[in-house]
Structure formats: C-alpha cells, structure tokens
Amino acid sequence: MLEQDKHILLETGAFIHSAINEDLKGRLNELQTRFPPEPGGFLHIGSAKAVYINFEMAKIYGGKCNLRMDDTNPAKEELEFVHAIQDEIRWLGYDWGDRLFFASNYFEQFYGFAVRLIEKGLAFVCDLSADELRASFGGIDKAGVDSPYRERSIEENLDLFTRMRNGEFPDGSKTLRAKIDMASSNLNMRDPVIYRIARKTHSNTGDKWCIYPMYDFAHPLGDAIEGITHSLCGLEFVDHRPIYEWYVNNVGFEKKPRQIEFAEISVSNTVLGKRHLRKLIAEGKADGWDDPRLVTIMGMRRRGYPPSAIRDFLGNAGVSTAKNNTVEFAMLEHFVREHLAPISKVVMVVLNPLKVVIENFPDGETEMLSIDGRDVPFCREIYVEREDFMEEPVKKFFRLAPGKEVRLKGAYFVTCTGVEKDAQGNVTEIRCTYDPATKSGTGIEPPRKVKGTIHWVSAKHVVPLKAMLYDTLVVDTEDGEQAENPNSLVVMPDALGEPSIADAVLDDRFQFMRNGYFCLDSKSEGLVFNRIVSLKSSYKPQ
RNA sequence: UGGGCUGUCGCCAAGCGGUAAGGCACAGGACUUUGACUCCUGCAUUCGAAGGUUCAAAUCCUUCCAGCUCAGCCA
C-alpha cells in the first residue's frame, strides 16, 4: 500500500491523536509541533522517525512544524551540521518554510527566565565542582544531599549570576541550579543545573556568552517561546517530562506545550546511535557517514533508497509506547522495493559473466532486437550469468546445462551443446545453438515451452561497469549483541551491461533484471552502481 | 519496600466490555519471456501468568512474573 492511498499515521499512535484532540478542542489547525535536532551530528533513520511524526502530525491536522536547532552546547556543535541537517530533512520530503529557529537566538530570553527563577527563590548559584556535584547527587536508590550553597539569598544569587554572565568566574567553577528536591525519585528533579560556565565560541552567537543553558531548561522554554502545542519526542525523554513541565510552569507561561513520547525505532541488523556509528567509521569498518550500508540519512540516500519508501516504512512500522521494538530489516527492504518498482527501468546486466558462443549464428552479424522499447543488439557471442550455468544441474535448475534449453530474454531459445574448460577444469566458455523459430516478439508461439528465461548481453556491444552488492554491516546475534558481517560488501568489478546503461545518470533507478535494483554511486567516477536492494527470490538451490 | 515505561502470531501493530484488523516474514498454489511482479490460500480457540467481577474480559479489579530504562556542568 503506497503512502498516498491513506494516511497510515491516522491508524497508529492513538495516544498522540487523542491528546491532540483533547487539548486543541477542535481547533486542530492550531497544532504546532517541532523537530529539534542538536546540530552536532548527522541524522539517521531514528531521527527520521521524529522528523516524520512531527511533520506529518502537523500536516494531518493542518498545523505547523518548526525546525529548531537546539544549539545550546557549543562544545559539540558546528555550522556544518546545521546545513547538513536541513539538507537531510528536505531530502526526506519536509519543508519548514520560514519556520527555522535556533535555541541560541533565545539566549537573552533564557537568561531573563533564569533571573525570574532566582527572584522567585527557585534557583541558586552553586559553587560545587563537577565531581562534588556528582557525589552529592545520590543514586538510584539513595537520596542526594543539598548543596551547601542552596540557601544563598536572592540578592547574592542575583549578583553571582550576573557576574557569571560577565565572565568573572572560571569555566566550571559555578553553576546555576534549580531548587527542587534532592530526594526526588526522579533524578532529573534533583536540583538540576540550569546554566554552566564555558568559554566556547558558539557557531551562532560567537563569544557573546560564556554561560550556556542546559537542554532540560532551554528545550521546554524554547518550545514555550515558539508556541509549540505538542512536543513529540522519543521515549528517552519520559523521565524529563516533570522537569520540562516544572520550568514551563515556574517561568510562568500561560500556554503550556505538552510533551508526548513515542518509542524510538530500531531496525534489526543495523547500527544506530551516534557513538556506535562514530566508532564504525573511525575503525574504517564503514566508509564515512554516507556508507550505503548505514541507515544514516546520507547512507540511505547514497544507497538509492527513495525517501518516500522511508516515510512509508516509518508509518507502517507504527507509533507506540512499547519499548523493545526492533523492526526487521526485511520490512524496510519491502518498502524500498515497492517504491522502486514503478520508477525503475529494467535493463540487462551480467554481474559475473560467462561467455556463450552460439555456433549456428552467423559470425560477424548483429541482429537488433527490440526489448521493452529498447534496441538491444544480439550476436554470435554473448555473456550470461555464471550462476545461470551448471555442468551437472541439480534438480529444478531451470537454467543452462548441457543439453538443456532456455530462453534468452527478448531473443531466442538456446540449447547448450558443449563446454570449454581451462587446464584447471574451470568452465571458460559454453557452446550453444539457437532456434530461429523461437524469436521473441514475432507473435508466433514458440513450438515448445521452456522453463527458464535468463538475461544476457552481446559480447561485442558490452558496457563494462562495476557493481557494489551490499548487505548489512552487522548481524544481530542471539545474545542480543551484534556480529560483524564479513560479506557486507561484495564488489563485482567485471560486470557487463547492455548498451543503454551507458547513458545512466545519477537520479536514474534501474532494475538489473533478476539481480535487483541499482543506481549510480554518487561518490564514484564512471559506471559504478550500488545495489539498492536485491529482488526477492523463491529459488532455493539444491 | 527507588522511579518511570512496557508485555496481543517469528518481527512490527490494531483493539479501549460483545466474542483477535493489517503489514513484514514464512508456507502452499495460480500466472509468468525477470525462480521478480501480481493474484489466491494458509499462518494467535488466543492476548505475560494466576485468580476475581460479568450473560460476556485482550479489554475492568487483584496478585504475581518478565523485560527495558534513569545517577553529563550532553542533547
């Protein structure tokens, strides 16, 4: 079912739909969502789910979705990523119009909010070092202890915070903390840090600030400033919801955004998570963030996945609050095939060539055949797939073997009459005869049926190309770990294509008949093709 | 005797008191000049477990069991 047929998101994520309906009381077009990436890395399929849900929900209800860079930590962020992320989201098919925002543009307002909290006696300047703070924090089943600086006067806090901003204190020497409850069972409520001192040049604000707000403070308030009604995010933030609401309430916003969490997606046999991805790349196991075996946006794009397939996959995988959900990679591939099928040109390419001489076809002659509207030359010498020949065929092998007849797609029936071998006994060439009475497309029924049809290319007219066959980089193991897949990349350096493949351009999508969907590799020179996904096959050798 | 979240087919996932949708995967079969596509067919007497309420429970109540998750001056 292609995505345009009906909006699949309407059939899942009931907890989000009902919240939206309750909160907006019919004024659904007031729905305001947001996708808030930190410009500290590239997006992957997990991020794509958040993009998908926030933008699609807005679309469904006639609302709007903001793109906000949550750039509150200059130590980790770079301008390169703010551009890359926009590129990636656009490629996924979403447009935020003029609604691009930066948390860093709210720094002055955030500062004012912090002052307001101090004035209300809800925040204090703390002199604990990072280590001391950690130690005072307690643990999962142990309450934390109050900071010795917790009871400073409002005046002193105001003075100290101003001086923090003015750069009077060294990095890390002081923090501004919320005054909540060091005994809270929710660790995020144990007097969390609001501002830290860090002399780092910010990609947007330069050196204007030496204090930066923490995510837990900036994020809800950024949402509130933008009038976000529903903040749809991953389950990893459930534990942050109380602090999200605490800041919004105590700063005093009338209109309160509501955070709703959904389960992040994970896909079997793939590596997700910035940390793991970075490791793979650093170790050279992946060829950069755009390695076609990665489910990063860049990787999937280079691999040739249609963005519509990714959206459709995400929608069909569903939106729930269940935690341990790992969708099988096969499901992703299903949607990729489904979206590729209608837009791909079918051509013949032999990945692993084996020469065939058609003994009764006139030497030096070329017959031009018309196959699906293309002109395809046919000659005495052709190549077929090495896997399509077996000297001693197993049962139900419907391809070439001594004495057996097959159809050459769009051409003639051909019967294998002999085999040539080298000194080691490897088959180097096979001999066949063809039956002129079986010519394809003549309207005349061939005198007999044949079980197999194989693809081929004319030896004289061949276009050499390279094909990259991908599989997943890792394979999930039973113990919940992942093992490296040694065969995640198979290069076919001597593939041979029919003449029309020479005209391929980057945006073209092909089905190499019986071999899968392919597209040109954007990073390579010349005719280097990525296999986007293989064709399904019910053929089981043996 | 910390908190939060979750348990419906191999994987996702509907369902919200009226007698288990759908997709993927898988298995048969039809069709086939791609062993593809398409098309049929099959695939949970049962909803983590045990009790209870009810004419009726995956849905309500009780207890139990299992899994995930949280201790950055990261986001």
Side-chain angles (χ1 to χ4, degrees), chain A residues 1 8 11-12 14 36-38 40-41 70-73 75-77 103 126 128-131 133-134 137-144 171-177 183-190 192-198 211-212 214-216 218-219 235-242 261 263 265 267-268 274 313 315-335 337-338 341 346 348 371-372 396-399 406-411 413 438 440-441 446 449-455 511-516 534-540:
Chain A
M1 190 71 67
I8 189 79
E11 296 171 19
T12 186
E38 178 190 29
D70 260 347
D71 52 351
T72 54
N73 182 5
K76 292 194 173 178
E77 296 144 12
C126 179
L128 252 27
S129 71
D131 288 341
L133 202 173
R134 212 183 341 270
F137 216 73
I140 251 163
D141 42 20
K142 198 175 101 201
D171 286 8
S173 61
K174 285 180 169 34
T175 55
L176 180 72
R177 295 222 267 155
S184 173
S185 54
N186 184 329
L187 275 9
N188 299 118
M189 298 298 271
R190 318 248 262 227
V193 173
I194 300 176
Y195 267 93
R196 76 281 218 179
I197 305 172
I211 56 172
Y212 291 98
M214 297 290 290
Y215 166 86
D216 273 334
H219 184 75
L235 233 34
E236 54 174 320
F237 294 107
V238 234
D239 288 342
H240 296 250
R241 198 189 323 138
E261 310 84 10
I265 195 165
V267 182
S268 68
K274 234 178 272 180
F313 163 70
N316 279 86
V319 179
S320 78
T321 53
K323 184 63 187 174
N324 303 319
N325 51 358
T326 300
V327 182
E328 288 174 347
F329 193 75
M331 183 161 162
L332 210 205
E333 291 195 308
H334 164 81
F335 287 99
R337 286 191 194 98
E338 189 172 58
V346 180
M348 294 195 288
I371 305 178
D372 301 330
K396 293 200 174 174
F397 184 76
F398 306 142
R399 310 176 190 181
V406 297
R407 184 202 311 269
L408 296 177
K409 169 73 182 180
F413 284 15
T438 57
S440 166
K449 284 206 188 277
V450 89
K451 197 79 169 154
T453 297
I454 65 175
H455 58 102
Q511 185 199 122
F512 289 0
M513 189 180 299
R514 303 205 302 136
N515 273 321
S534 63
L535 253 27
K536 282 184 62 169
S537 171
S538 59
Y539 171 60
K540 292 171 199 69

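The basis for the numbers below is simple: all heavy atoms, side chains too, and nothing from hydrogens, waters or symmetry mates. Letters A, B, ... are given to chains in the order of the sequence lines, protein chains preceding strands, and every chain is numbered from 1.
By the side chain to side chain donor-acceptor pair (under 3.5 Å) test, A:Arg241 is found to be paired with A:Glu261, residues two or more places apart in sequence or in another chain being considered. Residues passing the salt bridge (Lys or Arg N to Asp or Glu O under 4.0 Å) test with A:Asp70 are A:Arg68, sequence neighbours excluded. For the salt bridge (Lys or Arg N to Asp or Glu O under 4.0 Å) test, no residue two or more places apart in sequence or in another chain qualifies with A:Asp141. By the ring-ring contact (aromatic ring centres under 6.0 Å, His included) test, A:Phe137 is found to be paired with no residue, residues two or more places apart in sequence or in another chain being considered. Under the rule for a salt bridge (Lys or Arg N to Asp or Glu O under 4.0 Å), A:Glu77 has no partner lying at least two apart in sequence or in another chain. For A:Arg407, there are no salt bridge (Lys or Arg N to Asp or Glu O under 4.0 Å) partners, not counting sequence neighbours. With sequence neighbours excluded, no residue forms a ring-ring contact (aromatic ring centres under 6.0 Å, His included) with A:Phe313. Partners of A:Arg399 according to the side chain to side chain donor-acceptor pair (under 3.5 Å) rule, which considers only residues two or more places apart in sequence or in another chain, are A:Asp388. Scanning for ring-ring contact (aromatic ring centres under 6.0 Å, His included) contacts around A:Phe413 gives an empty result, with sequence neighbours left out.
If you check distances only, the side chain of A:Arg241 never reaches the base of B:G4 with a donor-acceptor pair under 3.5 Å.
A close approach under 4.0 Å does not occur between any side-chain nitrogen or oxygen of A:Thr12 and OP1 or OP2 of B:A13. One finds no side-chain N or O of A:Asn325 lying less than 4.0 angstrom from the OP1 or OP2 phosphate oxygen of B:C11.
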Encode nucleotides 19-27 of chain B as B, S and - characters from 5' to 3', where the letter depends on protein heavy atoms closer than 4.0 Å: B to the base, S only to sugar-phosphate, - to neither. ----BSS-S
One character per nucleotide, please: for nucleotides 68-75 of chain B, 5' to 3', B when the base has a protein heavy atom closer than 4.0 Å, S when only the sugar-phosphate does, - otherwise. S-BBSBBB
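A:Asp141 places its CG atom 14 Å from the P atom of B:G4, with the value rounded to the nearest Å.
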Distances for protein N/O vs nucleotides 31-33 of chain B N/O pairs under 3.5 angstrom?
residue : atom : partner  : partner atom : Å
B:U33   : O4'  : A:Arg407 : NE           : 3.0
B:U33   : O2'  : A:Lys409 : NZ           : 2.5
B:U33   : O2   : A:Gly410 : N            : 2.9
B:U33   : N3   : A:Ser440 : OG           : 2.7
B:U33   : O4   : A:Ser440 : OG           : 2.3
B:U33   : O4   : A:Gly441 : N            : 3.0

